[in-house]
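The structure displayed is predicted, hence computed values, not measured ones. Every heavy atom of this structure was used, including side-chain atoms; hydrogens, water molecules and symmetry mates were not.
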Amino acid sequence: MIEIDMPKPYQPTTKDLLDFAQTCGLVEEKENFILLALSTLNKVSCGVESVSGSGKSVLTDILMMLIDPSRVYRLGLTSNTATVYDYEAVNSADILYVEELQKALNNNNPIMVEVLKNITEGKNITRTVYDSTMKQNIKQTISGNLGLVYSLALENKTKKDDELDRRVITFMTDISQQQNRRVLKYIGKTRFKKSRLKIQTDKTTEQLKQHVNMVLDLAKERVENPFSEFIAEKVPVPFVKVRSYITHYFNLMESCTKYHYKERPKYENMYFTTLQDVFAIHKLYGKMFNQKIHNLPQLGIEIMELFDIERAEKLGWKKNTEREQQALFVDEEGKDKVYLDVTKIHKELKKVGLLLKYKLIRDQCEELVEAGFLGKEQSGKRGFYFKTDEVEEFEDSFDFPNCLQAGIKNMKESYPKHYEDWLNLQMDEKGRFPLYHPITGETIYLDELKIIKKEEKPKEEKLKPGTLVVTEEAIEK
């Protein structure tokens with residue numbers, strides 16, 4: 001008998017998404033693009049918000065190149081009722097792409113606001129109007145079965161209200177000077193033999209496009225996540241908005257499962273999430289998620305790092321601001337804190353590559369005050385900010401080994417016929433659990449992950465991909 005080596009079916013990784021984006025001109029923004037793509041393909045409402053000219057539209061436009069144009073309805077500057085009158089075209093699409101959200105919300109457009117809110121909740125919106133041709137009332141309905149993708153500049157006066165804001169996943173582009181340099185370097189390269197910048201072959205690109213359009217068809221498919229209860233117990237609960245954002249977190253895991261549907265187990269007409277999906281989304285979204293549930297603004301982490309006592313002492317800030325501190329406070333507790341005004345924050349952010357307008361920095365600081373992480377004292381006309389609280393850790397302390405055990409327990413109890421097959425599909429021939437980094441593609445084995453106790457976590461050293469911080473309970477087990 002003659003054996004014929006049949007070509008393996010195409011099974012894309014998240015790195016294929018990055019290769020496509022970089023071939024189309026994306027510079028860095030790796031986490032953002034993967035998360036934006038996974039959200040969109042599962043019709044999870046999402047958007048890119050950042051300062052003007054920082055590459056928001058580059059991200060969203062490249063993503064739209066992946067999707068069949070007939071499945072996207074582009075919404076630009078519009079009147080109060082124009083989109084509703086075009087309801088048939090809207091309903092024939094899968095994605096509502098708002099290239100600049102402020103245009104859709106111009107003139108305090110109440111109908112458009114209601115359309116967007118309903119779509120983010122998966123609800124239809126129906127409007128009764130009089131048709132002069134037919135001489136009767138007709139109903140115009142826009143389906144809630146649409147995904148929403150938008151971009152929004154932080155400087156614009158038009159903002160999302162709180163209700164709309166909590167219903168969408170937002171990503172922010174890199175606005176550092178290092179990223180500016182990388183973008184300029186890329187632009188320079190495009191002026192000489194641009195074809196050398198092509199990373200992905202035409203064949204792979206075509207296969208990827210076919211795949212993502214297949215994934216869009218799975219938007220209504222059900223996904224079972226045996227890890228969700230364990231994850232929900234480990235998530236910090238600082239504010240009420242965590243109730244909304246945990247849904248985003250689980251939706252992204254579901255999106256990851258569907259993107260890899262060719263490799264994921266399917267039983268009883270349902271796909272099942274694996275530890276790889278949990279690992280990938282935690283690596284990509286864990287930090288952003290923790291920032292959002294703590295009500296931190298886009299630059300909240302960067303600003304709060306400036307108030308670290310040890311960092312301040314190394315830079316000599318304590319000595320430099322001693323007179324200002326004495327003018328503000330007389331008690332010993334107050335003198336031990338770091339006090340910075342907007343001018344000082346602007347100067348220090350510039351040193352780390354973030355050159356921002358004073359107003360934007362002031363707005364971000366005031367949001368931190370409102371969230372309870374900064375305080376503010378007035379000295380004449382100058383306002384001095386100081387740290388009042390720490391952000392609870394989540395992204396670096398997640399317990400993957402115990403998460404796996406919780407998933408196994410749930411599968412045994414609820415799906416005893418399938419749990420062994422589900423488990424075996426996640427192991428290699430040696431019985432180990434390989435986990436693939438969603439950006440680098442590096443293989444990391446669960447039993448070889450570096451374990452660092454919370455109290456021993458280094459302050460200055462940045463953890464490498466794959467580093468895992470676990471609890472005392474997990475170490476004992």
Side-chain angles (χ1 to χ4, degrees), residues 32 35-36 38-40 42-52 56-57 59-60 63 72-84 87 90-91 93-127 141-173 219 239-252 255 285 288-289 291-298 300 363-364 366-367 370-371:
N32 281 338
L35 290 170
L36 189 69
L38 293 179
S39 302
T40 303
N42 196 28
K43 297 186 180 181
V44 176
S45 298
C46 57
V48 184
E49 300 181 11
S50 194
V51 298
S52 298
K56 302 181 300 298
S57 296
L59 270 170
T60 53
L63 174 60
V72 179
Y73 183 91
R74 293 175 178 259
L75 179 66
L77 185 63
T78 180
S79 67
N80 281 358
T81 58
T83 304
V84 181
Y87 68 98
V90 177
N91 290 338
D94 291 284
I95 305 297
L96 179 62
Y97 177 31
V98 187
E99 298 179 64
E100 292 184 61
L101 187 63
Q102 65 272 14
K103 290 183 178 179
L105 301 180
N106 65 44
N107 300 321
N108 296 317
N109 188 337
I111 296 177
M112 199 64 244
V113 171
E114 199 61 31
V115 168
L116 295 178
K117 285 183 178 179
N118 277 34
I119 288 175
T120 56
E121 279 198 314
K123 296 179 180 178
N124 296 347
I125 181 169
T126 301
R127 182 169 174 266
T141 299
I142 291 181
S143 171
N145 184 32
L146 289 168
L148 171 67
V149 181
Y150 72 89
S151 64
L152 177 66
L154 295 178
E155 298 92 338
N156 282 299
K157 294 181 179 179
T158 303
K159 306 289 184 183
K160 308 189 308 295
D161 60 26
D162 291 340
E163 188 178 4
L164 180 58
D165 183 63
R166 66 179 174 80
R167 294 176 183 174
V168 297
I169 305 178
T170 55
F171 310 110
M172 182 175 178
T173 57
F239 298 102
V240 174
K241 70 187 305 181
V242 71
R243 302 179 190 181
S244 300
Y245 274 88
I246 191 64
T247 301
H248 297 331
Y249 199 79
F250 289 146
N251 283 342
L252 283 169
S255 302
Y285 187 61
M288 297 183 209
F289 171 76
Q291 184 170 343
K292 289 294 183 181
I293 64 175
H294 281 90
N295 278 343
L296 298 181
Q298 285 88 343
D363 291 344
Q364 298 274 302
E366 291 300 321
E367 287 187 49
E370 187 174 345

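The closest donor-acceptor contact from the side chain of N118 to the backbone of N124 lies under 3.5 Å.
If you take CE on M288 and NZ on K292, they are separated by 9.5 Å, rounding to the nearest 0.5 Å. Rounding to the nearest 0.5 Å gives a distance of 10.0 Å between CD1 of I169 and CG of L38. A distance of 12.5 Å separates CG of L63 from OG of S57, quoted to the nearest 0.5 Å. Here the CG atom belonging to L252 is positioned 11.0 Å from the OG1 atom belonging to T247, to the nearest 0.5 angstrom. The distance from the CG atom of N251 to the CD1 atom of I246 is 10.0 Å, given to the nearest 0.5 Å. Rounded to the nearest 0.5 Å, atoms OH (Y73) and CG (N91) are 10.5 Å apart.
For K117 and E121, the salt-bridge test fails: no basic side-chain N is under 4.0 Å from an acidic carboxylate O.
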Practice item. Evaluate side-chain contact (heavy atoms from CB on, under 4.5 Å) for Y97 paired with T60, printing each intermediate quantity in order. Key: CA-CA 9 Å; Y97 177 31; T60 53; 2.8 Å; yes
Exercise. N32 and V48: side-chain contact (heavy atoms from CB on, under 4.5 Å), yes or no, with the steps?
Worked result: CA-CA 9 Å; N32 281 338; V48 184; 5.9 Å; no
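Residues E163 and R167 come closest through the heavy atom pair OE2-NH2, 2.5 Å. Across all non-hydrogen atoms, the minimal contact from I293 to K241 is O-CG, 4.1 Å. In plain terms, the two heavy atoms of S255 and V44 that are nearest each other are OG-CG2, 4.1 Å. Contact detail for R166 and S244: the closest heavy-atom pair is NH1-OG, 3.6 Å. Closest non-hydrogen pair, K43 versus D94, comes out as NZ-OD1, 2.9 Å. Between G300 and Q364, the shortest heavy-atom contact is N-OE1, 4.0 Å.
Looking at F171 and L59, their side chains never come closer than 4.5 Å, going by heavy atoms from C-beta outward. Between L116 and L96 there is a side-chain heavy-atom pair separated by less than 4.5 Å.
Qualifying salt bridge (Lys or Arg N to Asp or Glu O under 4.0 Å) partners for E370, counting only residues two or more places apart in sequence or in other chains: none.
In this structure, Y249 and Y285 have tilted ring planes: the angle between them lies in the 30° to 60° band. Ring-plane geometry between H248 and Y245 is classed as perpendicular, the angle between the planes exceeding 60 degrees on a 0 to 90 degree scale with a lower cut at 30.
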Using atom types as modelled, flag every donor-acceptor pair under 3.5 Å from a side chain in residues 141-154 to any protein atom, sequence neighbours excluded.
unit_1 : atom_1 : unit_2 : atom_2 : d
T141   : OG1    : T126   : OG1    : 3.0
S143   : OG     : N145   : N      : 3.0
Y150   : OH     : E49    : OE2    : 2.6
Y150   : OH     : K160   : NZ     : 3.4
S151   : OG     : E99    : O      : 2.1

